[in-house]
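Each chain gets a letter, A, B and so on, in the order the sequences are listed, and its residues count up from 1. Just the heavy atoms: all of them, side chains too, but no hydrogens, waters or symmetry mates, feed the values below.
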There are 2 protein chains.
Amino acid sequence: MKQNNVPAASPLPPQRSGVTITDVATSAGVSVATVSRALSGNYPVAAATRERVQHAVAALGYVANAHARALAGATTRTVGIIINDVADPFFAYIARGVERQASAEGRLCLIMATHGDKERELALVDLLREQRTDAVILVGGASDDPRYRKQMADRARALDADGSVLVLCGRPSLGPNVPTKTVGYDNEGGAFAMTDYLISQGHRRILYVGGPQNFSTTAARLAGFRRALAARGIEHDPALVHEGAFGRGFGYSRMKEILATSLDFTAVFAANDMVAAGVLQALEEQGLRVPEDVSLVGYDDVPLANELRPRLTTVHVPLEDMGRESVRLALADSAHDTGASSDNTITVGTHIVLRNSVAPLAPR
Amino acid sequence: MKQNNVPAASPLPPQRSGVTITDVATSAGVSVATVSRALSGNYPVAAATRERVQHAVAALGYVANAHARALAGATTRTVGIIINDVADPFFAYIARGVERQASAEGRLCLIMATHGDKERELALVDLLREQRTDAVILVGGASDDPRYRKQMADRARALDADGSVLVLCGRPSLGPNVPTKTVGYDNEGGAFAMTDYLISQGHRRILYVGGPQNFSTTAARLAGFRRALAARGIEHDPALVHEGAFGRGFGYSRMKEILATSLDFTAVFAANDMVAAGVLQALEEQGLRVPEDVSLVGYDDVPLANELRPRLTTVHVPLEDMGRESVRLALADSAHDTGASSDNTITVGTHIVLRNSVAPLAPR
DNA sequence: TGCAAAATAGTAAACGCTTACTATGGAAGT
DNA sequence: ACTTCCATAGTAAGCGTTTACTATTTTGCA
């Protein structure tokens, strides 16, 4: 079907044929400069000329070569975003915000996934650096490995030197002298509020399940959890915290294991909603009712939370907004650096949303 | 914090400083050609020289400019993917497959969202054309508007002429003479199988809810639905099919409306799992039990299906595989065009997965 | 009626890399 | 010891745009 009647020539090399601006210029009978100007519209071109150019463009199906443009011009009109996994709702919603805002600001969006591998993350930042994106947005918690931090800091500096910017979305600063922008949310505060709510419902022995170890997000949530306990004068039992991972699978399997022991608890604080879904299944399979027998809460408030039965009480995090703010902040014209530093940090709020997975502790 | 002690110079122009290959060459005391070769490794370079180059690269934090490389070389090592919405699991899982396979084949992934706007979709294809991506993957069902089809066909040809390729993932062909590749799944067959299953359970009056009108996916699913009915000699009642949209919101609101009428049905076939979730909520609010009072099935088998209660019986579609296959197919070396056309179409299978949302119809 | 100032259009120099060609030096062959 | 070859390295010509400059018309006004 792709055959025309030309006698099959020798196997063509992968010819990147492509209509160029020169073709358009020739076809319209003007110079390439004029074509460029007629298209970008940043320089006066006579109406008649512009029209001829547009006709030629349409006739030839010309579209500019973004790479040539990026090379000659100053900006690539592209932002890069690095997330763990495209299909994980936590990241997907942030990515949606990024994509929407980028698109609203006329930018394309280069997306890459680390699959939780921090070495890969470093490599991806370099890949994005090669692309000369206007910004690179790093999403989600980070490892607290010092070597890794140093390497990332180096990249932040390189990006800055290139006129780009590294924005940390939902992840802690790389240090006071590292040129980055940050949009964060109150992880510790959300965990505090949720824990306090559980306590107010009479719970004292609260199991904390999930979140990778040595990970900023886990650390912050756990800190809020512990602070709330301390604030109410409740002794902290290390046997009740079970770090591990953020997935549904981890929630399920770890809860199964715990259920096989005789650990005593009346509520479970899952490190995020996915973990909560796994925990819920384990509880369900054990014949334990939520919230009658055990209360359960999550974190993030992804749509899934509202589909679970019982509907999950959780901490709402404005994921999409975070994505939007990240690109807004990244693209904010920090050119007029009026000494008074334009704010390089945005913090969005979290709040708990009460649904049906928590019940007051009945006196036993 | 980004302040250093240098007396604030006059407002620097947005200088895209950047270490270039020339800097590396100078620093290593070799020519740029040698640096290029040492890095790409496609031409012999003395070990000692290569080492000096690598030192210089590391010392300067050099990364190649992908745009210059794309301009000079032949490929951009980038694939583009156009989806409806980054956060919709149907698309997110396909996107995950695309991202993973692209990354496995050393490609970057440019992702864009249409928000269901077909004009925007056309514009996005052009944007990707500007980027000279090695392939552009169009995901999900398509409008059957002829004008739109023609425009898309033009773009497919342009892409083909540029040495790129348009791949249709889960969407019908643009016509016999349009150069595209396709990875599809058996929409009609899945719907047929599911409907037949419902019938085998005794259901005769099955409500079909969801799916945009004049949309390829809707048409195919509905076709399978009707064919199954016909095969069993069941009269088709037009009052039972309610097209509209693919979202949870549509499923919920339309089901509410239907429940307010006296329409008679014993099972609901939701156009996809999201719609099913909405339908389920409406049913639940009405005090109807699933599957005791009404059976419910969905389509796609996104993870949500397994979180609903009852767990949703649905049609499994290997979304991630489809994404993977799309890039595999797109990047397959169709250079050795041995007359015998290498296959430009892949079709993945679907199958129904039985869970708990369907019950045999009890004789009333 | 002239002449300066707009308004337009053209020329050509980057932008940072890849790669065909060309050059150089020593190893190998006789 | 003198060619003939390799193995390396360098030169320079693009790749398709943008944009400072420069050149040519027009237009506006005295």
Side-chain angles (χ1 to χ4, degrees), chain A residues 13-53 56-57 60-78 129-132 161-164, chain B residues 13-53 56-57 60-78 129-132 161-164:
Chain A
Q15 52 164 0
R16 176 122 296 196
S17 73
V19 180
T20 73
I21 197 174
T22 307
D23 301 324
V24 176
T26 304
S27 161
V30 299
S31 71
V32 296
T34 301
V35 175
S36 174
R37 299 198 269 244
L39 294 180
S40 63
N42 52 14
Y43 193 87
V45 170
T49 308
R50 183 195 325 285
E51 210 153 287
R52 261 186 307 143
V53 170
V57 165
L60 298 170
Y62 168 80
V63 294
N65 182 318
H67 300 292
R69 181 174 279 174
L71 195 53
T75 174
T76 60
R77 306 207 72 79
T78 291
R129 211 140 86 66
E130 291 187 358
Q131 297 293 325
R132 299 301 192 266
D162 289 353
S164 182
Chain B
Q15 52 164 0
R16 176 122 294 197
S17 74
V19 179
T20 73
I21 197 174
T22 307
D23 301 324
V24 175
T26 304
S27 161
V30 299
S31 71
V32 297
T34 299
V35 174
S36 174
R37 300 199 269 243
L39 294 180
S40 63
N42 53 13
Y43 193 87
V45 170
T49 309
R50 183 194 324 284
E51 211 152 287
R52 260 185 309 143
V53 170
V57 165
L60 298 172
Y62 168 79
V63 293
N65 181 317
H67 301 292
R69 182 175 278 174
L71 196 53
T75 174
T76 60
R77 306 206 72 78
T78 292
R129 210 141 88 64
E130 290 188 357
Q131 297 293 324
R132 300 299 192 269
D162 289 353
S164 182

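- Rounded to whole Å, atom C1' of C/dC17 lies 8 Å from atom CG of A/L71.
- At the heavy-atom level, A/A64 lies under 4.0 Å from the strands shown only through sugar-phosphate atoms.
- Here D/dG10 presents its C1' atom at 13 Å from CD1 of B/I21, a figure rounded to the nearest Å.
- Counting any heavy atom pair closer than 4.0 Å across all strands shown, B/T49 reaches sugar-phosphate atoms only and no base atom.
- The shortest non-hydrogen separation linking A/R52 to A/G29 is NH1-O, 4.1 Å.
- Here C/dG16 presents its P atom at 16 Å from CD of A/Q131, a figure rounded to the nearest Å.
- A/N42 has a side-chain polar atom (N or O) that falls below the 4.0 Å cut-off from OP1 or OP2 of D/dT19.
- The side-chain contact (heavy atoms from CB on, under 4.5 Å) check on B/V57 picks up B/V24, B/L39, B/V53, B/Y62, with sequence neighbours excluded.
- Between the P atom of D/dG16 and the CG atom of A/L60 lies a distance of 14 Å, rounded to the nearest Å.
- The shortest side-chain heavy-atom distance between B/T20 and B/N65 does not fall under the 4.5 Å cut-off.
- Looking at the side chain of B/R69, the nearest of the listed nucleotides D/dA9, D/dT17, C/dC17 is C/dC17.
- Side-chain atoms of A/Y43 stay outside donor-acceptor range of the base of D/dA20, with no qualifying N/O pair under 3.5 Å.
- The two residues B/R129 and A/V63 come nearest to each other via the heavy atoms NH2-CG1, 3.7 Å.
- Projected onto DNA chain C by closest heavy-atom contact, A/P44 and B/T22 fall at different nucleotides, the more 5' of which corresponds to A/P44.
- B/A70 and A/H67 get closest at one heavy-atom pair: CB-CG, 3.6 Å.
- Rounded to whole angstrom, the span from the CG atom of A/D23 across to the P atom of D/dT17 amounts to 9 Å.
- Each of B/A72 and A/A47 was assigned the nucleotide of DNA chain C with the nearest heavy atom; the assignment lying further toward the 5' end belongs to A/A47.
- Protein atom CZ of A/R50 is 14 Å distant from nucleotide atom P of C/dA7, rounded to whole Å.
- Applying the side chain to side chain donor-acceptor pair (under 3.5 Å) rule to pairs touching residues 32-41 of chain A yields A/S31-A/T34, A/S40-A/N42, sequence neighbours excluded.
- In this structure, B/R52 places its CZ atom 14 Å from P of D/dT8, rounding to the nearest Å.
- Among C/dA9, D/dA9, D/dG16, the nucleotide with an atom closest to any side-chain atom of A/T20 is D/dG16.
- The shortest side-chain heavy-atom distance between B/E130 and A/R69 falls under the 4.5 Å cut-off.
- Here the P atom of nucleotide D/dG16 and the CZ atom of B/R132 are 8 Å apart, to the nearest Å.
- Near-neighbour residues of DNA chain C inside residues 29-37 of chain B, defined by a heavy atom below 4.0 Å, number-ordered: B/A33, B/S36, B/R37.
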